[in-house]
Each structure stands twice: as C-alpha cells, then as structure tokens.
Amino acid sequence: METKIGKEELLDEACSIIKQGGLVVFPTETVYGLGADAFNEEAVRSIFIAKERPQDNPLIVHLARLEDVEKIAVDVPPLFYALYEKYCPGPLTVILKKSKNIPYVVTAGRETVGVRFPSHPIARALIEGSSPIAAPSANLAKHVSPTLAIHAYEDLKGRVPLVLDGGECQVGIESTIIDLTGKTPTVLRPGAITLEELKEICGAENYKGELGVALAPGMKYKHYSPKCKCVMKDATELGNEYAEALKKGFNPVIIATEKTIKRLGDLRSLSLGESGLDAAKFFYLRLHQAEEEYDYIIIERMPETGVYYSVMNRAKKSAAD
Ligand code: TXA
Ligand code: MG
C-alpha cells in the first residue's frame, strides 16, 4: 500500500477514508494518533493489525463535541462534566461506562471506554468531518510515540493510506487518563495534566476519599523503546556513564535538562529544556533523534514531581531492558 503524507489539503480525503472504514494517521496536541471509525468493527480491527498491538489493549475514542459523549458512554457522572469544563478540549482521557454502540473490539472486551476531546484543529476537523475516531498512538507497538508526522510515517508507511501532517505536537506525551468508573477516581496514566491538579478538582466535594493511582491495561507492555541501548542515570553519573560507553566502542548521547547539559560541557547531548512541560514536549522527539544518530542513549533521572513525574513514567520504560 502506498502511504500519502500531506497537510490540510488532504483533510477531505482523510475524512472519506475514515467513513469508508480505512485508517488515517492524524495529529493531536499530545502525540500522533492512528484513527479509524469507532463504530466500524472491521476498521478498528485493522488498527491492531497495522501497529501490531496486543488484542487486550483497549483504544481511546476521540470526540469533537460534548453532546457525542452520550453516544458512546452511559451513566456519565457529574465529575466528567467538571473535568470537561476545566480541561477539554485538551490532553485528558476519561474512562466511562461504555454504551452498546461501541463495539467490544474498541474496548478490548471491557464494559468501559476511554473518551478524549483533542484540541488540535486538524484532529477536530477530521472527527467533525467523519465520525468519532478510535485511535492509539501512531507508532508500532513497543516503539517510541510519534510527535512529528515523519516519525509516524516511518513506523507505519505501507500499512496506512494517509498521514496528515499537523506539525509538531505541543504537549508531546500521551494524555492523562482518569478512570471514573470505580468507587474513587483513579489516574491510570500520568500526563501533562498532573496528579496534583486532578486531586484538587476530584476533591472531597465530588468523591469521598483520595484520588487513586493504578495502571492502564496498556502500561504493562514494553513501551516507548528506542531501537538502541538506553539507560537512565542520576545527573552526577552522566559523565561517567558517557565515558564508559565511549570506552566500550559505543557512540553515546545524553538526554538531559538544559541546566544539566550546561554543566556537562561539550559531551554530545540533546536538551529537554527548562521545565516539566518542556521535558514532556521534547522527550519523544529527543529519543527519535538519538536513535537515528547514536547507539547508546543515557537519560538523566529527573525529579518525580509535577509534569516531570509523567515524563519519568515514560523514561523508566524507555530505559528498561
Ligand atoms: O494522548 C493520547 O491519549 C494519544 C492520542 C493519540 O490521543 N493516544 C494514546 O493511545 O496514547 P494509546 O492507545 O497509545 O494508549 C491508550 C491507553 C492504553 O494504555 C490503554 O490501555 C488505555 O489507554 N485505555 C484505553 N481504554 C481504556 C479503558 N476502557 N480502560 C482502561 N484503560 C484504557
Ligand atoms: Mg501508545
């Protein structure tokens, strides 16, 4: 299959492909998605094949209009609307009870469904021009999530007919996932919207008890892995690890915060910028750049607070053997 890549000029064609049961790679503010009509079982099945995704890992349904939530979910609690008000459209996914309209292939057999309202204008236009869209990140399972169209293209070329290029993703890591189907709201995946922020809005007025933290089903898989060796070290150990890697004949690179890089001097490095939000925006981009040019990636261990916590959640998996 030939894969077309282009910008807004391909939007109409992309909408037709979705309506006819095909796949489209599209930009969101978090990472690129690999979308299909969420109501079309066959189309959704082909997502799993294209990215070699395990069958038991459910997909998120992307919507453009609040009203549509009632087409895909039932018993929607008031807290959903409070979260929508504050964060949507934006990098948040809410797990709700699924409606009968959503096929089980989307939810991997579960009675719940993830709902997200992306803010990227191309994502919104694609959904508005076609249908609610079921989509995972547009990478091959296990590989690094794409924050540029070209990264999605490299993983999926020959497997999808069309890639919509909407520029670089501004958030850079996947949406925060919060599950509202249990006794207490529970964060299943941290993101740019932090636990601290959610704790505030999910507080005592909405639910008794604390905000919980658990793992999304997909988080048990090996993930976010670059194609070469990748380790994580404290800021103070980076120089040493780099020297050791050189000695062993590797071509190493350090991925670290701007502050640390300034201290390291002229070792080869890629910057994660100056804040947690910068680190989120650049993390996958730097992993892609690093695996293209180097063969040994050393990631700085960052503090596990705020958005850095969410970046570290991904970084630990990238650096796991
Ligand atoms: O930012 C994002 O969320 C991106 C963009 C494309 O929207 N999407 C994304 O999808 O990251 P994916 O498939 O790579 O990750 C979805 C995660 C998986 O860990 C999956 O297990 C979890 O969401 N998930 C989906 N539906 C769920 C459900 N009903 N219950 C619990 N977890 C669910
Ligand atoms: Mg993914």
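Values below: every heavy atom of this structure, side chains too, minus hydrogens, waters and symmetry copies. Atoms within a ligand are numbered from 1 in the order they appear, just like the ligands themselves. Throughout, residue positions are numbered sequentially from 1 according to the sequence presented.
Here the closest heavy-atom approach between residue P226 and residue V144 is recorded as N-CG2, 3.7 Å.
Between R53 and ligand 1, at least one N/O pair is under 3.5 Å apart.
Ligand 1 lies out of reach of K98, whose nearest heavy atom is not under 4.0 Å from it. Residue contact check for ligand 1: I95 places a non-hydrogen atom closer than 4.0 Å to it.
Contact annotation: S137 places an N, O or S atom under 2.8 Å from the Mg ion (ligand 2).
Residues Y284 and E174 have side chains that bring a donor and an acceptor to within less than 3.5 angstrom of each other. Defined by atom type and a distance below 3.5 Å, a donor-acceptor pair is present between the side-chain atoms of S137 and N139.
Less than 4.0 angstrom separates some heavy atom of I177 from each of these atoms of ligand 1: 17 (C), 22 (C), 23 (O). For ligand 1, the atoms lying closer than 4.0 Å to a non-hydrogen atom of N57 are 18 (C), 20 (C), 21 (O). Proximity to L188 (heavy-atom distance under 4.0 Å) selects the following atoms of ligand 1: 31 (C), 32 (N). Set against the non-hydrogen atoms of S175, the atoms of ligand 1 under 4.0 Å away are 1 (O), 2 (C), 3 (O). Contact atoms of ligand 1 toward T112: 28 (C), 29 (N), 30 (N) (distance under 4.0 Å to a heavy atom of the residue). Of all atoms in ligand 1, numbered sequentially from 1 with element shown, those under 4.0 Å from a heavy atom of H62 are 5 (C), 6 (C), 7 (O). Against a heavy-atom cut-off of under 4.0 Å, T30 is close to the following atoms of ligand 1: 1 (O), 2 (C), 4 (C), 5 (C).
Distances from atom 25 (C) of ligand 1 to the heavy atoms of P58, P217, P54, P27 show the closest one on P58.
The distance from atom NZ of K227 to atom CD of E292, rounded to the nearest 0.5 Å, is 7.5 Å.
Applying side-chain contact (heavy atoms from CB on, under 4.5 Å) to T257 and the options E274, R263, E300 leaves one that passes, E300.
Using a 4.0 Å cut-off between a side-chain N of Lys or Arg and a carboxylate O of Asp or Glu, E244 and K248 do not qualify as a salt bridge. Between R65 and E70 no salt bridge is recorded (no basic side-chain N to carboxylate O distance below 4.0 Å).
In summary, the aromatic rings of H151 and H143 are positioned with their centroids too far apart to meet the 6.0 Å limit.
Of all protein heavy atoms, the one lying nearest to atom 14 (O) of ligand 1 is S137 OG, 3.0 Å. G33 CA, 3.7 Å is the protein heavy atom nearest to atom 6 (C) of ligand 1.
Both Y84 and I201 are part of a single hydrophobic cluster, where members link through side-chain heavy atoms under 4.5 Å apart.
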